[in-house]
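Ligands are counted one by one from 1 in listed order, and the atoms in each one are counted from 1 as well. The figures here come from the full heavy-atom set of this structure, side chains too, leaving out hydrogens, waters and symmetry mates.
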Amino acid sequence: MSEIQTPTPRDAFELLLAGNQRFVAGTSEHPNQDAARRAETAPSQQPFAVLFGCSDSRLAAEIIFDRGLGDLFVVRTAGHVMGPEVLGSIEFGVEVLGCPLVVILGHDSCGAVGAACAALEDGMTPAGYVRDVVERVTPSVLAARAAGRVESEEVLAEHVRHTADLLLDRSRVLADKVASGRTAVVGLRYRLADGTAELVASRGLEAAGIAAS
Ligand SMILES: [Zn+2]
């Protein structure tokens, strides 16, 4: 990447936030999207963040963070639920590509979270593999309810935090990177209507002065 050669986790986070603020303000610069960047990055990639978000069509990563080619290593599943392929992809971004930041991106009005809430209320689970997605969101909804958080925004924040904890619990590679301060994990709650991304989870950025629950 051109701005910073070897970004710290905090540098990477601030780069991402700055892009989101441009997007929100309607002043996107569309960096790294030209032919020169395409040629520059063709031999190798050095993205500054792994973005693990919901597949929702309104969460297009490079658009909402105003970035371009070679900037973000993106992994997306409905409801940002994870299995072995997701964990392996995130570990690849952190271990092989050296990304200093892993971002979990959830959003309001998430269909997967809504389906998990509905399944708990009416006892009906969807057919096919959609069921797997819903079942992997359910523990977050249960945890939110147990803590008395029932508003949809609170449930979503709980799911983002739960995803961050699960990621660090499952991936030794990532946990070691965070423990050593080389990588941080942050969770963001995105609002579809205004495009803002709010920090709701932070693992490893605290030392840099950015704290969240
Ligand atoms: Zn979603």
Rounded to the nearest 0.5 Å, the OG atom of Ser89 sits from the CZ atom of Arg76 at a distance of 14.0 Å
For Glu121, look at atom CD and say whether over 12 heavy atoms of other residues, nucleotides or ligands are found less than 6.0 Å away.
-> yes
Taking atom OG1 of Thr196 and atom CD1 of Ile64, what is their separation to the nearest 0.5 Å?
-> 10.0 Å
Sole candidate of Ile104, Val185, Val102 that passes side-chain contact (heavy atoms from CB on, under 4.5 Å) when paired with Arg203 = Val185
Residue pairs, two or more places apart or on separate chains, that pass salt bridge (Lys or Arg N to Asp or Glu O under 4.0 Å) and touch residues 134-143 | Arg131-Glu135
Can you check the number of protein N/O/S atoms within less than 2.8 Å of the Zn ion (ligand 1)?
-> 3
Rounding to 0.5 Å, atoms NE2 (His80) and NE2 (His159) come to a distance of 4.0 Å
